[in-house]
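Order of appearance sets the numbers: ligands from 1, and atoms from 1 within every ligand.
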Amino acid sequence: MLYQTPSGKVPLPTKQGHIFFTCTDIECCRDWRTTEIRDPTAEVLLSQYPTAEMALNGKNAVVTGAVMGIGKAITEILLQNGAKVALLDYGEDKVFFMNCDVESEEDIKAGLKKAAETFGGIDILCNNAGILNEGLWEKMVSINLMGIIKGSYLALEHMNKLTGGRGGVIVNTASMAGIGPLPSCPVYTAVKHGVVGFTRAMAAASTLSGYGIRFNVLCPAFVQTDLFSNIPKKLGRFSELCLETQQLVEHFGVLDVSEVAEALLELVTDETKNGQVLLVLPTDEDGKGGNSYISFPTYVQ
Ligand SMILES: NC(=O)C1=CN([C@@H]2O[C@H](COP(=O)(O)OP(=O)(O)OC[C@H]3O[C@@H](n4cnc5c(N)ncnc54)[C@H](O)[C@@H]3O)[C@@H](O)[C@H]2O)C=CC1
Ligand SMILES: CC/C=C\C[C@H](O)C(=O)/C=C/C=C/C=C\C=C\[C@@H](O)C/C=C\CCC(=O)O
């Protein structure tokens, strides 16, 4: 359902559906708020729109896989800190405004173009969309790795200072499985390791070439989302390792999406962070765990 507002169409969230809108500016959200919309989710979200001094005021963000889970939490924290946010996701009944399947280069191109035209440029990209299903491992490679490569390369056309962009930051969502192996998910582990390696290489290329873009990677452990549900059905030929996986979950604990979003915000707002790999773990009652930057061997030429 779309409502006409002075700054453009803003599709409204539904109680069953998800918040999905491109807010062309905070004025638009204010207009939206005055049309007596009583959707509590929307009210809570809009009630926290930024004040002048917010860290991301004036910044334009794009989030893939934003309709639920970690992506929705990332969207909320970016909005709460002043950014304008375009949400790219897929699925007819979920997407009101920009339908984007990250397996499709055309979809990503159109989504980034729409966001750049709507906002007047892109400063932040969160390549977050991903799935878990070892039984559909080719699809995992296509979405979780190739989708991030496509999103990063296509965003360069808008963000690269060498081609008229104004720079910015790209944060790719990998996983703790991008740092160490999940025995029951070898292909998921492979693609997440690929995301870590790709992002670190892009950060180095950006520094050497002068793109003006920071590339960082987010590596959460287990997070309570839709992806994390029904794990036994997602292990494919490795379902006999379900118990071992459960033991890992019990060992590391389970994060709330808000904890991951807070870690994302650090990678976006701290302009010293480029090529960083941030491991996000629950903090236990003894204060152990929490977030840590992973260091890698460096080879001096
Ligand atoms: N939940 C967890 O335990 C962890 C998740 N991650 C990663 O975080 C990211 C987000 O996952 P969650 O929020 O947990 O999952 P989720 O299933 O709750 O949300 C994923 C979102 O991505 C969207 N999506 C999936 N395939 C897509 C495609 N081809 N094109 C566009 N959108 C697509 C879905 O529609 C959904 O809105 C994924 O990359 C996942 O691998 C990383 C570590 C832990
Ligand atoms: C079955 C998969 C369930 C959820 C997938 C979810 O998307 C996800 O990515 C969860 C990842 C969790 C990984 C947890 C364990 C990895 C264990 C070991 O290989 C150690 C890994 C890294 C050690 C890094 C460190 O401790 O410094």
Side-chain angles (χ1 to χ4, degrees), residues 17-20 63-75 87-95 98-104 107-108 111 126-134 136 139-140 142-148 150-151 171-189 191-193 195-196 217-236 238-239 241-257 259-261 263-264 277-282 288-296:
H18 304 280
I19 289 186
F20 184 87
V63 181
T64 70
V67 161
M68 66 171 79
I70 292 169
K72 181 165 173 271
I74 287 173
T75 297
L87 291 71
L88 307 186
D89 206 308
Y90 71 170
E92 290 312 310
D93 61 333
K94 289 194 289 186
V95 178
M98 276 187 271
N99 197 355
C100 169
D101 179 347
V102 299
E103 291 191 87
S104 157
D107 278 13
I108 300 173
C126 299
N127 284 309
N128 169 76
I131 64 169
L132 167 66
N133 191 327
E134 289 292 324
L136 299 173
K139 196 159 191 63
M140 264 202 309
S142 177
I143 294 171
N144 295 15
L145 179 58
M146 292 171 67
I148 285 185
K150 288 170 184 172
V171 182
N172 295 327
T173 304
S175 156
M176 189 172 183
I179 303 166
L182 262 177
S184 57
C185 305
V187 175
Y188 188 82
T189 297
V191 293
K192 292 301 187 179
H193 273 67
V195 172
V196 171
V217 60
L218 198 56
C219 293
F222 303 103
V223 189
Q224 196 55 60
T225 69
D226 208 50
L227 178 145
F228 185 60
S229 62
N230 301 317
I231 292 296
K233 294 186 180 137
K234 298 175 178 177
L235 303 182
F238 302 96
S239 53
L241 295 175
C242 192
L243 179 61
E244 288 78 0
T245 304
Q246 184 53 40
Q247 286 164 348
L248 276 176
V249 174
E250 281 151 22
H251 175 74
F252 286 101
V254 182
L255 290 155
D256 180 83
V257 287
E259 294 174 280
V260 182
L264 175 281
V277 179
L278 181 54
L279 174 62
V280 188
L281 281 169
K288 288 198 199 115
N291 300 351
S292 55
Y293 285 95
I294 301 297
S295 53
F296 293 81

Contact (N/O only, under 3.5 Å) between [X] and ligand 1:
X    : result
S175 : no
M176 : no
P220 : no
Y188 : yes
E103 : no

With a 4.0 Å cut-off on heavy atoms, does [X] reach ligand 1?
X    : answer
T64  : no
A221 : yes
A177 : no
Q224 : no

[X] side-chain N/O to [Y] backbone N/O, donor-acceptor pair under 3.5 Å:
X    : Y    : value
N127 : T64  : no
N128 : T173 : no
T189 : L182 : yes
K150 : I143 : no

Close N/O pairs between ligand 2 and protein, under 3.5 Å:
from, atom 1, to, atom 2, distance (Å)
ligand 2, 7 (O), Y188, OH, 2.4
ligand 2, 9 (O), S175, OG, 2.5
ligand 2, 9 (O), Y188, OH, 3.0
ligand 2, 19 (O), P181, N, 3.2
ligand 2, 19 (O), P181, O, 2.7

With heavy atoms only and a cut-off of under 4.0 Å, state how [X] meets ligand 1: side chain, backbone, both or neither.
X    : result
L132 : neither
V223 : both
A174 : backbone

Quick one: do T225 and M68 satisfy side chain to side chain contact (heavy atoms under 4.5 Å, CB included)? Show the steps, please.
CA-CA 8 Å; T225 69; M68 66 171 79; over 6 Å; no

Just wondering, do [Y] and [X] contact through their side chains at under 4.5 Å, heavy atoms?
X    : Y    : value
I294 : C219 : no
D226 : S229 : yes
K139 : N133 : no
P282 : V254 : no
V195 : L145 : yes

Enumerated ligand 1 atoms positioned under 4.0 Å from heavy atoms of [X]:
X    : answer
F222 : 3 (O)
M68  : 18 (O), 19 (O), 36 (C), 37 (O)
C100 : 30 (N), 31 (C)
I131 : 25 (C), 26 (N)
D101 : 28 (C), 29 (N), 30 (N)

For [atom], the option (of [options]) bearing the nearest heavy atom:
atom                    : options              : value
atom 37 (O) of ligand 1 : D89, L218, L88       : D89
atom 13 (O) of ligand 1 : V67, V257, I70, T173 : I70
atom 16 (P) of ligand 1 : N99, V260, L227      : L227

Considering all heavy atoms of both residues, which atom of [X] and which atom of [Y] are nearest to each other, and what is their separation?
X    : Y    : answer
L255 : A221 : CD1-N, 3.8 Å
M176 : L281 : SD-CD2, 3.7 Å
Y188 : I131 : CE1-O, 3.5 Å

To the nearest 0.5 Å, what is the distance between OG on S239 and NZ on K234?
14.5 Å

Please round to the nearest 0.5 Å and tell me the distance separating atom CZ of F228 and atom CD1 of I70.
11.0 Å

Going through the distances and angles, do F296 and V196 end up as a side chain to side chain contact (heavy atoms under 4.5 Å, CB included)?
CA-CA 11 Å; F296 293 81; V196 171; 4.0 Å; yes

